[in-house]
Protein chains: 2
Amino acid sequence: MSKGKIVSFETTREVHDRCLCFATQRAARALARRFDAALRPVGLTSGQYSLLMSLNRPEPPSLGAVAELLGMDRTTLTANLKPLLRNGWANSAVDPDDRRGRRLSLTAKGRKVLTAALPIWRRTHAEIDAALPPPLAPRALQAGLRALAVPEGVAGR
Amino acid sequence: MSKGKIVSFETTREVHDRCLCFATQRAARALARRFDAALRPVGLTSGQYSLLMSLNRPEPPSLGAVAELLGMDRTTLTANLKPLLRNGWANSAVDPDDRRGRRLSLTAKGRKVLTAALPIWRRTHAEIDAALPPPLAPRALQAGLRALAVPEGVAGR
DNA sequence: ATATCTTACGTTGATATCAACTCAATATTC
DNA sequence: GAATATTGAGTTGATATCAACGTAAGATAT
C-alpha cells in the first residue's frame, strides 16, 4: 500500500469485456474442442486437419513457408509434424536444390484421411456459420481475425 | 484411386479462406505472441495475465468457476495455476464450507504484478484497436468471438 | 447407516506452443 | 578461396491444452 493503486474490480470487468486477446484465446479453445470432437472418427485433431490441408498443394512447400501460412513458430510446426509423419500421412524430404531445406508433402494415406475429413469439416462449419447471429457475418469475422493475425500486431510493418 | 475423390487445391483454398477455426487459432497465436512480448518486462505471459485478472474479484472463486469463465478445461487451469502459485502471485485454499472445492485468490504480490501489467495491456490493446480497419470495429469482433466461444458450437446447447 | 450417485479436483500421457540456442548449408565479401 | 553473414531446421526447456482415469467429499436413496 505504498506504490501503485490496486486494480479495481471495475477494471477487471473492462478487461474481460474488451480484451481481444482473451476473447480470441477462448474462442480458439472452444472451436478446437468442437472440431477435435467432430474429427475424432477419422483420427484427426483440428490442428492436424489444418496442417494436412495446407500441405495439399501442387508444389511441396518448405517447412518455413507452411509455418508462415499457419502463423506459427517454425519449431512448433516441427513438433506438430511428428504425429503426421509417424502416422504416414505426410512426408518430409530434403530439398535436392537446397539441402538445408525440406519439402513437405501428403502421402496417399494422408490424402485419404483428408478426403474423409472434408465432409465433417463442411458439416461442422456450416453449423457454426448458421448459428452466428445475423449481424455477425462469417466473412466479416474472417476479415477481423485475419487482421488480428498480422505479425506486428495489426499495423503491418 | 478406388474409393473417394482427392481433395482439390481449390477446396484447400476454400478451407483456408473460410475456416473460422483456423483463422481463430492463427489470430490467437499472433495475439498471444504480441502480448507475451509486451508483458515480458513484468514477467507475465498473456495467459497468466488473463488468469490473474480473473482472480481479481471480491469473492475468491472456485477453480471450476474460473475454468468456465476462461472457457478452458478444469485440468488445464490446474496446470496453468502452478506457475502462479509457485511465484506467490495466487493462492489456492480448500473451501471450509465444502472441502472438495478450492477458493482461488490473489496475493498482495499478485496484485502488485497485475497493477504493473495493466498499463502495458492498455497500451498494447489500444494499438491493436487503432490498427483495425474501420469496418472492423473492435466491439463487433468481440461479439463475434464471444459467439464463437459458446460451448456447443454457437447455437447454445 | 449403508450403498450409490454426483460433484470438485488432481494426475497422467499425448500433443501444442514458443523463446533461446545450436547446427549445417548456402550466399556474400574480401 | 577463406572469412563472414544469412538462411532453414532441429533441440531443449517451460508452459498450455485436453481426454481418460482416479480420489475424496458431499448428496441421495434404500
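Numbered from 1 within each chain, the chains take letters A, B, ... in sequence-line order. Reckoned from all heavy atoms, side chains included, excluding hydrogens, waters and symmetry mates.
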*Asks:* Throw together a table of side-chain donor-acceptor distances under 3.5 angstrom for residues 77-90 of chain B, partners on residues two or more places apart or in other chains.
*Replies:*
| from | atom 1 | to | atom 2 | distance (Å) |
| --- | --- | --- | --- | --- |
| T78(B) | OG1 | R74(B) | O | 3.2 |
| N87(B) | ND2 | P83(B) | O | 3.2 |

*Asks:* For L44(A) and A117(A), work out which heavy atoms get closest and say how close.
*Replies:* CD1-CB, 3.9 Å
*Asks:* L141(A) and L145(B): which non-hydrogen atoms are nearest, and at how many Å?
*Replies:*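 So the two residues come closest at CD2-N, 4.3 Å.
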*Asks:* Decide whether R29(B) and Q25(B) meet the rule of one side-chain donor and one side-chain acceptor closer than 3.5 Å.
*Replies:*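 Distance-only check fails for R29(B) and Q25(B).
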*Asks:* Closer to the 5' end of DNA chain C via nearest nucleotide, is it R74(B) or R40(B)?
*Replies:* R74(B)
*Asks:* Rounded off to whole Å, could you give me the CZ-to-P distance for the R29(A) and dA19(D) pair?
*Replies:*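 Roughly 13 Å, once rounded to whole Å.
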*Asks:* May I have the list of side-chain donor-acceptor pairs in residues 48-67 of chain B shorter than 3.5 Å, sequence neighbours left out?
*Replies:*
| from | atom 1 | to | atom 2 | distance (Å) |
| --- | --- | --- | --- | --- |
| Q48(B) | OE1 | T45(B) | N | 3.1 |
| S50(B) | OG | S46(B) | O | 3.4 |
| S54(B) | OG | S50(B) | O | 3.4 |
| S54(B) | OG | L51(B) | O | 2.8 |
| N56(B) | ND2 | V7(A) | O | 3.0 |
| N56(B) | ND2 | S8(A) | O | 3.4 |
| N56(B) | ND2 | T12(A) | OG1 | 2.8 |
| R57(B) | NE | S54(B) | O | 3.0 |
| S62(B) | OG | A65(B) | N | 3.2 |

*Asks:* Which residue pairs pass the salt bridge (charged side-chain N to carboxylate O under 4.0 Å, His left out) test with at least one member in residues 88-98 of chain A, sequence neighbours excluded?
*Replies:* D95(A)-R103(A), D98(A)-R100(A)
*Asks:* For R103(A), answer base if it contacts any base atom (sugar-phosphate contacts may also be present), sugar-phosphate if it contacts only those atoms, and nothing otherwise; contact means non-hydrogen atoms under 4.0 Å.
*Replies:* nothing
*Asks:* Going 5' to 3' along DNA chain C, which nucleotides are the first and last within contact of chain B (any atom under 4.0 Å from a heavy atom)?
*Replies:*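 From 5' to 3', the first and last contacting nucleotides are dT7(C) to dA19(C).
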*Asks:* Could you check T45(A) against D73(B) and say which one's nearest nucleotide on DNA chain C is further toward the 5' end?
*Replies:*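 In this pair, the answer is D73(B).
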*Asks:* Strictly under 3.5 Å: I want the nitrogen or oxygen pairs between protein and nucleotides 23-26 of chain D, one per line.
*Replies:*
| from | atom 1 | to | atom 2 | distance (Å) |
| --- | --- | --- | --- | --- |
| dG26(D) | OP1 | R99(B) | N | 3.3 |

*Asks:* Would you mind telling me which residue lines up with the more 5' stretch of DNA chain D, T76(B) or L81(A), judged by nearest nucleotide?
*Replies:*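 Nearest nucleotide further toward 5': that of L81(A).
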*Asks:* Taking any heavy-atom pair under 4.0 Å as a contact, classify G47(A): base, sugar-phosphate, or nothing.
*Replies:*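 The answer is nothing, as G47(A) stays clear of every strand by at least 4.0 Å.
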*Asks:* CG/L70(A) to CZ/R26(B) distance, rounded to the nearest 0.5 angstrom?
*Replies:*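 Reported to 0.5 Å precision, the distance equals 8.0 Å.
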*Asks:* Enumerate the residue pairs fulfilling salt bridge (charged side-chain N to carboxylate O under 4.0 Å, His left out) with a member in residues 11-21 of chain A, sequence neighbours excluded, ordered by first and then second residue.
*Replies:*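 Every salt bridge (charged side-chain N to carboxylate O under 4.0 Å, His left out) pair that includes a residue of residues 11-21 of chain A, provided the two are not neighbours, is E10(A)-R13(A), E14(A)-R122(B).
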